[in-house]
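One structure is given below, encoded as structure tokens.
Each ligand, and each atom within it, is numbered from 1 in the order the structure gives.
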Amino acid sequence: MSNPKPLVTHIYTADPSAHVFNGRIYVYPSHDRETDIQFNDNGDQYDMVDYHVLSLDEPGGPVTDHGIALHMDDIPWVSKQLWAPDAAYRNGKYYLYFPARDKEGIFRIGVAVSDEPHGPFKPEPAPIPGSYSIDPAVLVDEPDASRKQKAYMYFGGIWGGQLQCWVEDPKTKQLVFDATKSGPQEPSGPGVLALGPRVAELNDDMLTFASPPREIQILDPETLQPLAADDHDRRFFEASWCHKYNGKYYFSYSTGDTHYIAYAVGDSPFGPFVYQGRILEPVVGWTTHHSIAEYKGRWWLFYHDSELSGGASHLRSVKMRELIYDENGKIHLKDPQN
Ligand code: FUB
């Protein structure tokens, strides 16, 4: 049994996306802050305005806070709520991907670029065309048989993340935003399928989608049918992450109102992914959000909880724990959770 300490305690941090760049661990978290905004199930209390980048040489070693890497005031299209980011390295540049509400209050995904992993990042003037909802996570895949390297963005979140608001117009077949579905709503009822996360291949510029985002299927391991909308213990809610282990794609995510980090495995970056189980049980605080990274042959789960703030759901702290894989490729925490 163990209870790791927060990586940093001088600021509140959440939604950690971890990567190893130049032999060092970099963590790209949300930067939580105090607010007098009324709490609600739309997540209005998560009212963040900037990003800091953290880095460390070794698990358990000192953590550097590199200061403000990107501020909302410098992003022309954003109105509020800089939520869970991720970063990627390609073509000699570092890319910071982030969701935020645009001037109409609709979540979009933006990108900002730097020569250094810790920033500062220069934002593009507009969100990624065709992007929507929250929680981008980018996998830069190994080169395929034709030696082409591809990158994929996973994203989406229901309730406050607005994924349920995007519905297909029957005439144009385009997705349109239905504001009446805003707030803590999602599909429900007998025979209704869960909303899936989305995946889009990125162009080589890392700034645009190569094709429209596709919905990902998460399948029941027995029936190989997509999970039902009312299967709240297993269905996707938010916090996508995709990593590779032994040639398989591991897609992990939060189940939201049931507070688990769950995962599913597939053979293609587009899925389908077959549900495998849980990585993390509920933590202190309402949200749960994570990433998974390999460092010097060991695997680490980065996640957050609200212990440091005494349980305030919008004031979270990033932690890390070691993961192990068993002989069947199943993920386990090395030390049991409390
Ligand atoms: O931090 C704001 C939101 O809370 C994130 O985008 C979600 O994943 C949840 O952690």
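- Taking every non-hydrogen atom of Ala84 and a distance limit under 4.0 Å, the qualifying atoms of ligand 1 come out as 6 (O).
- With respect to Glu186, the side chain to side chain donor-acceptor pair (under 3.5 Å) criterion is satisfied by exactly one of Arg235, Lys181, Gln164: Arg235.
- When the options Pro16, Ser309, Ser306 are evaluated for a side-chain contact (heavy atoms from CB on, under 4.5 Å) with Arg316, the one that passes is Ser306.
- Closest of all the heavy-atom pairs between Arg321 and Tyr303 is NE-OH, 2.9 Å.
- Not one N or O of Thr288 is nearer than 3.5 Å to an N or O of ligand 1, by distance alone.
- For the residue pair Thr35/His314, the side-chain donor-acceptor check at 3.5 Å is not satisfied.
- Those atoms of ligand 1 that come under 4.0 Å of a heavy atom in Met48, given as number and element, are 1 (O), 2 (C).
- Only the side chain of Arg316 comes within 4.0 Å of ligand 1, judged by heavy-atom distances.
- Across all their heavy atoms, Phe236 and Gly196 have their closest contact at CD2-C, 4.3 Å.
- For ligand 1, one of its N or O atoms has an N or O atom of His289 under 3.5 Å away.
- For a threshold of 3.5 Å applied to N or O pairs, the pair formed by Asp15 and ligand 1 contains at least one separation below that value.
- Closest to atom 6 (O) of ligand 1, if we only count protein heavy atoms, is Asp135 OD1, 2.6 Å.
- Of the protein's non-hydrogen atoms, the one nearest atom 9 (C) of ligand 1 is Glu238 OE2, 3.3 Å.
- Note: Tyr51 and Phe98 have tilted aromatic rings, judged against thresholds of 30 and 60 degrees for the angle between ring planes.
- For ligand 1, the atoms sitting less than 4.0 Å from at least one non-hydrogen atom of Trp83 are 2 (C), 3 (C), 6 (O), numbered in the order shown with element in parentheses.
- A donor-acceptor pair shorter than 3.5 Å cannot be found between the side chains of His243 and Ser252.
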